[in-house]
Amino acid sequence: MTSSLRDLKVYTTYPHRCSYLEQEEATTLFIDPRQPVDQVLYTNLSLLGFRRSGNHIYRPHCAHCNACIPARIPVAQFQPNRSQRRSWRRNSDLSVREAGHIRDDECYGLYERYIRERHADGDMFPPDREQYESFLSNAWDCTRYYQFRENDRLLAVAVVDEMLDGLSAIYTFFDPEAADRGLGRYAILWQIETARARDLPHVYLGYWIRNCRKMAYKAEYRPLELYRENRWQAVDPGDEDELF
């Protein structure tokens, strides 16, 4: 079923307000939503810097800005730093379970609290159940939902896509009252170790944006590869200052 990349139809949005950088205008390139997608095509598009939101595959295509840079972690080379090791130990008491969906009230209630208390200034506020289910839907049978629990208490949910060459960290939401655990960081570390156990070479983090606080955290994971000049490039250790 896999289509040739040359045969894909793509569209662009009208310029609109950028969600990440004030005073910037954004344009988005997206794959024809009528295009059948499977894991092979999805993987190939991710290799070209595309990302998924709901059933849409997109990539920034802004005329005057190239701040959104696809980022991924090469799993075999990753070494946690001191704060990441602390986060791993701090959350060693959690159990992780895979769930078939997140349409239940428990998961949505956690998401609703997370958006209201952590992202009241973002595009997903106020939280909406229909938007939630659309955004985090199980696209093309490759989406996995992982619940992080302290005994029976749900603390976090990681939405993860499994591709042929790695895991894609789509979204993580967690209990704001447990913010001191560093659950967002722990969810990424858990995905790195899961990819390693499955012999998957990469964890895709989405877009790194240097001057956006919400996206700049991705530079904490070293080594890091960035998609620039139409190819994935390792950030040279001597050039790591460019990440901050």
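The figures here come from the full heavy-atom set of this structure, side chains too, leaving out hydrogens, waters and symmetry mates.
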Residues Leu41 and Pro36: closest non-hydrogen pair is CD2-O, 3.6 Å
* Take the angle between the ring planes of Tyr217 and Tyr221 and call it parallel below 30°, perpendicular above 60°, tilted in between. => perpendicular
Query raised in the report: Would the His119 and Tyr114 ring centres measure less than 6.0 Å apart?
Result: yes
Scanning both residues in full, the closest heavy-atom pair of Val75 with Arg196 reads O-NH1, 3.2 Å
Inset, instruction - Give the ring-plane orientation class for Trp88 versus Tyr186, where under 30° counts as parallel, over 60° as perpendicular and anything between as tilted. - result: tilted
Salt bridge (Lys or Arg N to Asp or Glu O under 4.0 Å) pairs touching residues 79-95, sequence neighbours excluded, are Asp93-Arg181
Next item on the list: Taking atom NE2 of His64 as the centre, report whether more than 12 heavy atoms of other residues, nucleotides or ligands fall under 6.0 Å from it.
Entry: no
Hits for side-chain hydrogen bond (donor to acceptor under 3.5 Å, both in side chains) against Glu106, two or more places apart or cross-chain, chain-then-number order -> Arg149
Heavy-atom closest pair (Ser95 atom, Asn151 atom, distance to 0.1 Å) is OG-O, 4.5 Å
**Message:** Within the structure provided, determine whether Thr172 and Leu183 are in side-chain contact (heavy-atom separation under 4.5 Å).
**Reply:** no
For a quick test of your reading: what N or O donor-acceptor pairs under 3.5 Å do the side chains of residues 46-55 make, sequence neighbours left out?
from: Ser46; atom 1: OG; to: Tyr42; atom 2: O; distance (Å): 3.1
from: Arg51; atom 1: NH1; to: Ser168; atom 2: OG; distance (Å): 2.7
from: Arg51; atom 1: NH2; to: Ala169; atom 2: O; distance (Å): 2.3
from: Arg52; atom 1: NE; to: Asp161; atom 2: OD2; distance (Å): 2.6
from: Arg52; atom 1: NH1; to: Gly54; atom 2: O; distance (Å): 2.7
from: Arg52; atom 1: NH1; to: Ser137; atom 2: O; distance (Å): 3.3
from: Arg52; atom 1: NH2; to: Thr143; atom 2: OG1; distance (Å): 3.4
from: Arg52; atom 1: NH2; to: Asp161; atom 2: OD1; distance (Å): 3.1
from: Arg52; atom 1: NH2; to: Asp161; atom 2: OD2; distance (Å): 3.4

Scanning both residues in full, the closest heavy-atom pair of Ile115 with Pro127 reads CG2-CD, 3.9 Å
All heavy atoms of Ala195 vs all of Val203, minimum pair found to be CB-CG2, 3.9 Å
**Report entry** Aromatic plane relationship, Tyr58 with Tyr207 - under 30° parallel, 30 to 60° tilted, over 60° perpendicular
**Finding:** tilted
Do Lys218 side-chain atoms and Leu205 backbone N/O form a donor-acceptor pair below 3.5 Å?
yes
Heavy atoms of Cys65 and Leu21 approach each other most closely as SG-CD1, 4.4 Å
In terms of ring plane angle, is the pair Tyr132 and Tyr111 parallel, tilted or perpendicular, where the classes change at 30° and 60°?
-> tilted
